[in-house]
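Only a predicted model underlies this, so the values are computations on that prediction, with no experimental measurement involved.
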Amino acid sequence: MSRKKIMFLNIICPIVVGALIYCMLSPDVIFIRKTADFIDWIYMPVFQTDCTFLKLVRNYLPDMMWGYSLVFSLFCIIGNNVADVRKVFWLAVPFTATMEIMQKTSFVPGTFDVFDIFTEFLAEAIAACIIYKLYSREEFQL
């Protein structure tokens, strides 16, 4: 598979997975309500989040998916070699932390949670490691 296809899949698939999780487990999220204004013909089954596992999935997995996708997106835009992975990672971490902290104000709607920052950091670290391992191999060099 080509480098561009792998980058595209690592950017798009996590966003889609995060959106589907929100659709099925938490349709009252602002992102889903705004999307439903544009696309009202899509029906998604909504699951009850009574168990702890589904609550954890609903609260943290979409953020992880989007943090992971952010690192790949920044790498695609900023980085063109493996040395840029650190720069991309250190751009993504403060950005996501700032966005979470801004949720404490009325400027950015949402619910602030310190564990969101931790899970996004974890996902971004995983993405940076994957980029480093994958793109340091010879067959992916430009």
Side-chain angles (χ1 to χ4, degrees), residues 1-137 139-140 142:
M1 191 177 298
S2 74
R3 178 184 171 124
K4 288 182 182 180
K5 287 181 185 176
I6 291 172
M7 289 298 284
F8 180 75
L9 288 174
N10 278 290
I11 292 169
I12 298 300
C13 290
I15 292 172
V16 170
V17 168
L20 288 173
I21 290 169
Y22 271 145
C23 282
M24 292 187 296
L25 296 177
S26 189
D28 59 334
V29 172
I30 295 166
F31 167 74
I32 299 302
R33 288 193 316 228
K34 297 292 184 185
T35 304
D37 291 343
F38 293 110
I39 309 171
D40 59 349
W41 50 269
I42 294 179
Y43 171 75
M44 291 293 294
V46 177
F47 298 101
Q48 297 297 321
T49 55
D50 296 337
C51 74
T52 304
F53 176 73
L54 286 180
K55 286 181 184 177
L56 290 172
V57 167
R58 179 194 71 200
N59 292 335
Y60 301 114
L61 194 58
D63 289 335
M64 288 183 78
M65 295 288 100
W66 292 345
Y68 177 91
S69 180
L70 175 66
V71 170
F72 270 91
S73 300
L74 288 173
F75 181 75
C76 187
I77 294 167
I78 296 171
N80 56 7
N81 60 43
V82 178
D84 292 332
V85 174
R86 287 187 198 104
K87 180 175 25 173
V88 166
F89 178 72
W90 290 115
L91 282 172
V93 169
F95 175 76
T96 55
T98 302
M99 291 305 294
E100 284 297 324
I101 292 168
M102 286 174 59
Q103 290 178 7
K104 288 192 72 82
T105 68
S106 60
F107 184 69
V108 176
T111 56
F112 174 76
D113 186 3
V114 175
F115 291 114
D116 282 348
I117 296 172
F118 175 74
T119 57
E120 289 168 359
F121 174 82
L122 180 65
E124 290 161 357
I126 290 169
C129 289
I130 290 171
I131 289 170
Y132 184 79
K133 290 289 186 185
L134 187 64
Y135 291 99
S136 63
R137 294 188 347 220
E139 70 243 34
F140 286 106
L142 292 175

Q.
The criterion is side-chain hydrogen bond (donor to acceptor under 3.5 Å, both in side chains); which residues satisfy it with Glu120, sequence neighbours excluded?
A. none
(Q) Taking the side chain as everything from C-beta on, heavy atoms only, tell me whether Asp113 gets closer than 4.5 Å to Asn59. (A) no
Q | Heavy-atom pair of closest approach, residues Gly67 and Glu124 | A | O-CG, 3.4 Å
Q.
Could you check whether any side-chain heavy atom of Phe8 comes within less than 4.5 Å of a side-chain heavy atom of Lys4, counting everything from C-beta outward?
A. no
Q: To the nearest 0.5 Å, tell me how far Ile101 CD1 sits from Asp116 CG.
A: 11.5 Å
Q. So how far is it from Ile15 CD1 to Asn10 CG, rounded to the nearest 0.5 Å?
A. 11.0 Å
Q.
Can you list everything that forms a side-chain contact (heavy atoms from CB on, under 4.5 Å) with Phe121? Sequence neighbours excluded, please.
A. Phe89, Val93
Q: Please report the C-alpha distance between Phe72 and Ile130 in whole Å, then the side-chain angles of each, then the deciding distance to 0.1 Å, and finally whether the side-chain contact (heavy atoms from CB on, under 4.5 Å) criterion is met.
A: CA-CA 10 Å; Phe72 270 91; Ile130 290 171; 3.8 Å; yes
(Q) Using 0.5 Å steps for rounding, measure from the SG atom of Cys129 to the CG atom of Leu134. (A) 12.5 Å
Q.
If you compare all heavy atoms of Pro14 against all heavy atoms of Tyr68, which two are closest, and at what distance to 0.1 Å?
A. CG-CD2, 3.5 Å
**Q.** Nearest atoms (heavy-atom pairs only) where Pro62 meets Val57
**A.** CD-O, 3.1 Å
**Q.** Lys5: partners by side-chain contact (heavy atoms from CB on, under 4.5 Å), with sequence neighbours left out
**A.** Met1, Ser2
Q | Partner residues of Asp63 under the side-chain hydrogen bond (donor to acceptor under 3.5 Å, both in side chains) criterion, sequence neighbours left out | A | none
Q) If every non-hydrogen atom of Val85 is compared with every non-hydrogen atom of Ala128, which pair is closest and at what distance? A) CG1-O, 3.5 Å
**Q.** With sequence neighbours excluded, residues passing side-chain hydrogen bond (donor to acceptor under 3.5 Å, both in side chains) with Thr119
**A.** none
Q: Apply the side-chain contact (heavy atoms from CB on, under 4.5 Å) test between Val88 and each candidate in Leu74, Ile77, Ile131; give the one that qualifies.
A: Leu74
(Q) Among residues at least two apart in sequence or on other chains, which ones pass ring pair (Phe, Tyr, Trp, His ring centres under 6.0 Å) with Tyr60? (A) none
Q | Gap separating the CH2 atom of Trp66 from the CG atom of Leu61, nearest 0.5 angstrom | A | 10.5 Å
